[in-house]
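Presented below is the structure to which this report refers.
Numbers restart at 1 for each chain; the letters A, B, ... are given by sequence-line order, proteins then strands.
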Amino acid sequence: MSGTIQDTSVDAIRSWLAGRIAFYLQRSVEEIDHDLPLVEIGLDSVYAMTLSGDVEERYDIEVEPTMAWDHPTVNALAGYLHGVLGSRG
Amino acid sequence: MSVDTASVPGQVADAGAEPDLETYLGNPHDPANPVSFPAVLAADERGELLAEGERALDGYGLNAEFVPRALGGRFDRADRLAQVLRAVFRRDTTLGVGYGVTTFIAATPVWTDGTAQQRRWMADLLLRHGKASAGYNELAHGTDFSRAELRARPAGDHYRVTGRKEMVGNLARADAVTLFARTDDRPGSRSHSHLLLDMAALPAEHRRHLRRYRTAGVRGVLLGGLEFTDCPVPSDAVVGEPGGAMETVLRAFQVTRGVLPGMAVGIVDTQLRTVLRFALDRRLYGLPVAELPHARTTLVDGFLDLLIGDCLATVVARALHLLPDQTSVYSAAVKYLVPKLLQEAAHRLSVVLGARSYLRDGPYGIFQKNLRDLLAATLTHASAAVCQATIIPQLPRLAQQGWRSSPPPPPALFRLGDPLPPLDFGALGLSARGVDSLTATLRGYLAEPGAQPAVARLCGLFTAELDRLAEACAELPPRDRTVIAGRRSFDLTDRYATVLAAAACLGVWRHQRDDPFLGDVPWLAAALSRLAGRLGLHPGTAPDGLERHLYTELLARHRDNRGFDLVNRRLAG
Amino acid sequence: MRYPAFALAEHLDHGLGDPRDPGRAASFARCVELDSREEFPAEICAELDRLGLPRWYVPTEYGGELRSYEELLHAVRILARRDLTVAIGHGKTYLGAVSAWVGATPEQARRVGAEVLAGSVISLALTEREHGSDLLAGEVSAVPAGDGYRVDGEKWLINNASRGDLVCVLARTEPAGGTRGFSLLLVDKRRLAPGTFRCLPKERTHGVRGADISGIAFTGAEVPAEALLGPAGAGPEIVLKSVQLTRTMCAAMSLGLADQALRLVLDFATAHRLYDRPLVDLPHANRTLTEAYVDLLIGEATSVLTARGIHATPDELSVTSAIAKYLVPTMMDRAIPRLGQVLGARALLTEDHADGLFQKIERDHRIVGIFDGNTLVNLNTLVNQFPGLVRGYRRGVADPGLTDTVDLARPLPDFDRSRLALLSRTGCSVVQQFPVAAAELLDLVEAGVAPPALAVQVETLADLIDGLHERMAAYRPSPRQVPAEAFALAGQYALAFAAAGCLHLWLRNRHRLAGGATGPLWADARWLRACLHRLIGQLRPAGVAGSAPDDDGEDYDRLLPDLRAQHREGRLFSLLPSRLAEAGTPPPDPPSETAGQPDEQPSRTAGAVTQPSEVVR
Ligand SMILES: Cc1cc2nc3c(=O)[nH]c(=O)nc-3n(C[C@H](O)[C@H](O)[C@H](O)COP(=O)(O)OP(=O)(O)OC[C@H]3O[C@@H](n4cnc5c(N)ncnc54)[C@H](O)[C@@H]3O)c2cc1C
Ligand SMILES: Cc1cc2nc3c(=O)[nH]c(=O)nc-3n(C[C@H](O)[C@H](O)[C@H](O)COP(=O)(O)OP(=O)(O)OC[C@H]3O[C@@H](n4cnc5c(N)ncnc54)[C@H](O)[C@@H]3O)c2cc1C
């Protein structure tokens, strides 16, 4: 996947993230509340770090493994990533 | 350096020369030695830390081993630290944990994230033989740190602390406590901070010591509890960024978890020596027990397990300096695998020692103590499951790239005598980002033109195993990558850790060409075969005389009173 | 649906009361406290006397009520579950007396029986400071003097040597020693001249800290001729036959200890939360629990078959008792620390968590593999019999008693000591009849009665067991220089026995047991599948280890409801229905239907109690 051009709109990032989280938790995407902290959805600290790996693979960028700690909801993360990707040009 | 050696008569460390801990500890079998095995056993029976032992360690200045050189201590190499502490563990795990490890765990977050002032303060305290406690554990939450409840609320220029910590070493006599406290009510990983407490300065009426927790292993370690009620703590006690403790922990614990297994090697070093003594002395069916093939095999296997464990422990400790961006995986792997190997070895040795492994007195009484202590050391500071759970989320990425195409490690990783760059705590990565240079050693060897066929064949078993692992990890169903991962994921970490151990053995062998034993093929072939067997792979039949070769080395070391580890140095007595 | 062989165990357990009630003399809390004070559990042993336990140490023909070793097995198991120190502190008398049941004249045996029924403590003294497993190296001597013998020398590391009234001593009666050079003497300490013996101080031990592990030194101690048990020179033979009985009972100790360990960890895993869910809901943790459960079921199957074999196939006991004594303690030596990993730091606490019981169990259990013939001695017994075992397997030999052994509903014949043998002439029927059982199972699969997955397992096992026998056949016996690989083969043979035994048990008992409290385990053979899964994993030679990628071990997960139900309902972790004291109500059917009720005054002499026969109704 990495290297290919990805849609970096907030919406696209958001739905991709929600998809990943739903994947880990084995729930349907609709069940993922975009404003609820990930811990409360069931993604614990160490595991939230897995998301950073997924992001690096998909968008071919480096992010902090703790990214999801500082932006602990889907919406916050999507906004943050959008900013990072946007600034990358 | 403020190391005080005056309290040990006749033992004054040479200015300039590194003091030698073995000489401080003396002959373990000399009843006149206050730190002998009989004295250690008696203290264990009383549930006390051996006071003379603490005095000897004060005399040696053990705390200085935990203080970075830049701050006036002797800590400049994690592998050396493990070796120094190994001497303590060889004698008395209780001292190792209750005097050593506890303090080291408490100090590390301060080195990792503390201000210059905090670092100076902690360094001075330790160099004065002060005691620091690591205040993390709450029985209700254990390793699930993000749910720790002890609360520190900002109130003007200070915090008010309420809550309790339980089963914490040395709490009742600590001069300093590194306290893991919730500073934000929100769930998540940015809600905790470290507070560095100066216990002398805390108002007594706001804290209450809980009863001591008594344990079956390391019985002398003073495990206590502390309850705070609205206890004022100055704001400048915060170590690092407020809310940053989880991250600090993930860095600092790589160091502590990375070196602890290398220390624990000392416990089984003593176990092996004890059982070897028995097997040489005890006669059965007209022969010394050591002449019975089963006993012989068990002894040699124990020796191999020590070498394997030390290879992985030493290499991971060196990786903290050389590959800090990868040690989030390695430190968990070593803390998982090495105690497990040691525990299995100790169990097999206990079968040879038979009834003597059950007696608390007599010439082999240390064995049963070490059995109990080893169990405690294994459970201390992250259980097997916790370490494995740290590796699991990283497996898919390692599988995707790291196991196929990581850069080889610098040779210094394996050149045991080479100096190391200072350990940069800040450089320790929270994730290895799919890179694994240690196992790249295996592929590297296969690609080498001059590779020895016998060694290459064994290495091939492990690279093939890595390929299979990669496949299995890439296919891991989603939930098997999370906290509710099933056994399958845990088994994969076990196999992966075993491959890491093989890579460490290979690397050590390749780079000790001048060492007549370590540079020679037999031990490596035996070690790799043993690890392959652990994975259920066919290592092929051992060449004739291999066991005899290793037994001869074991016996020679025993006769010269040398250690059974990589260091192979003379012991006291 | 009952399993009457549990009756005695339930009688004892309920008689001692709920062990979680600290007010009880035999509570866990009290047992842990006694252990930490290194104090003998005298009060609890007295209670067992009141409950009549000594009667079950004495065979009926010598005045007691011991007619079923299956029943005694479960009694030992239930006592060990509560406290191993109690189990060995009290049960030692059985060990001290068993030589009489095996080797003494009937009249002598009746006298010994009367002693036991009167509450005398008897210990067994084989070991010396310099000699353990090698019985023929013993130095304690007995030379004819007057009408009897004069005994000299020291026995050491002897359970109840100091507390005992009588000591059964293995002594050298021919200076040259040899297999006919040793005899057993039942020495009555109460009748020795003062100054001719001395009890040695209690040894401080790793576990069972309250037990009287001491010794006795004789200096010219004169004993009467009647002290000689069996013929002169028969000592080693009687000992080697007796241990076939006692080693089987040792397996029960492991079962009891591991049962309680699992119970404690389940308590914790249900209550403790981690990552926002009960620990028991973390798959890795609950897999550790179900694995331990499966180990217990395997251990139970192995022990029950061995105990029933004492009656039905005693000629094979030299093989089966070695298997039970090796396999069950070794399995639990591994399972208990693994359970400790789930308990985490609490596994170490001596006072604070669940009475500090776990660490005690862990320490106590280690002795089971050491005493009464250690791991290697038992494996060596098997290695010595490889040729006969291979022969028996190739010829498919079946002892006619096998049917009684494996069908729990069949009444067992009385134990016949004359059928004990030092070597089994028929090999080991349980293993040798595996191919027959496998064929029967395949038919059941064909008929849609048994799950197809079982067919795959049984075929895999058949290959593994064939291969194992080939390797055993290739082994060239060497009397002392037994290589490590031969011990490994013997260990595999024990696993093969367990696997074959599980299969026989399921086939012969599935109809009756599918209806009872443990019915769900039997109905879809789920216990069998999990046990075979585990045994196959351990039997696989190097090279094919590691679970297949599509194998997630659902076989274990399916047992979780059964495990949790047995835990909740206060039952033993078992294939068979039982009720522990925790369950509250007294057992439905106390063993003494005609004699003393549990809390009545004990009858110190042989009661005319008939045991309900060990028929599963
Ligand atoms: C708590 C406790 C209670 C006990 N109670 C009693 C009691 O009541 N009565 C009594 O008589 N004894 C008792 N014993 C002693 C115990 O039964 C013996 O110690 C034990 O059976 C074997 O002896 P050993 O461990 O001294 O080892 P040894 O027989 O000296 O053997 C030494 C080692 O050699 C190895 N070995 C032994 N045989 C073989 C073999 N065939 N092949 C290869 N290796 C082998 C084993 O590893 C063994 O550990 C007790 C011991 C303890 C600890
Ligand atoms: C000798 C000793 C000294 C100590 N000193 C200190 C000290 O100085 N300071 C301090 O703060 N603490 C100290 N501790 C406490 C120690 O850090 C705790 O043992 C640790 O926090 C783990 O907690 P826990 O064992 O209570 O188990 P928990 O973390 O509550 O875990 C319970 C069980 O769950 C298992 N588990 C965890 N994750 C998973 C998973 N994903 N899947 C399945 N199972 C899982 C664990 O293995 C464990 O068995 C000490 C402990 C000991 C034994």
**Prompt:** Hey, what do you get for CD1 (I392(B)) to CG (L492(B)), rounding to the nearest 0.5 Å?
**Reply:** 8.0 Å
**Prompt:** If you round to the nearest 0.5 Å, how far is CD1 of I61(A) from OG1 of T8(A)?
**Reply:** 10.0 Å
**Request:** Answer with side chain, backbone, both or neither: which region of I484(B) has an atom nearer than 4.5 Å to a non-hydrogen atom of chain A?
**Result:** neither
Can you check whether chain B and chain A share any donor-acceptor pairs under 3.5 Å, and give the atom names and distances if they do?
from: D44(A); atom 1: OD1; to: R147(B); atom 2: NH1; distance (Å): 3.1
from: D44(A); atom 1: OD2; to: R147(B); atom 2: NH2; distance (Å): 3.3
from: Y47(A); atom 1: OH; to: A389(B); atom 2: O; distance (Å): 3.1
from: E56(A); atom 1: OE1; to: R397(B); atom 2: NH1; distance (Å): 3.1
from: E56(A); atom 1: OE1; to: R397(B); atom 2: NH2; distance (Å): 2.7
from: E56(A); atom 1: OE1; to: R433(B); atom 2: NE; distance (Å): 3.1
from: E56(A); atom 1: OE2; to: R433(B); atom 2: NE; distance (Å): 2.8
from: E56(A); atom 1: OE2; to: R433(B); atom 2: NH2; distance (Å): 3.0
from: E57(A); atom 1: OE2; to: R397(B); atom 2: NE; distance (Å): 3.3
from: V63(A); atom 1: O; to: R433(B); atom 2: NH2; distance (Å): 2.3
from: T66(A); atom 1: OG1; to: R190(B); atom 2: NH2; distance (Å): 3.4
from: D70(A); atom 1: OD1; to: R190(B); atom 2: NE; distance (Å): 2.2
from: D70(A); atom 1: OD1; to: R190(B); atom 2: NH2; distance (Å): 3.0
from: D70(A); atom 1: OD2; to: R190(B); atom 2: NH2; distance (Å): 2.7

**Complete:** Note: L322(B) and P410(B) closest approach over all heavy atoms is CB-CG, 4.2 Å
**Item:** Any V338(B) side-chain heavy atom under 4.5 Å of V316(B) side chain
**Value:** no
**Asked** Do C473(B) and L398(B) have side chains that get closer than 4.5 Å, going by heavy atoms?
**Response** no
**Message:** With no hydrogens and no angle check, just 3.5 Å: does a side-chain donor-acceptor pair link S9(A) and D11(A)?
**Reply:** no
**Prompt:** Taking every heavy-atom pair that is under 4.5 Å apart, which of P477(B), A389(B), G243(B) has the most such pairs with chain A?
**Reply:** A389(B)
**Asked** Looking at residues at least two apart in the chain, or sitting in another chain, which of them share a side-chain contact (heavy atoms from CB on, under 4.5 Å) with A140(B)?
**Response** none
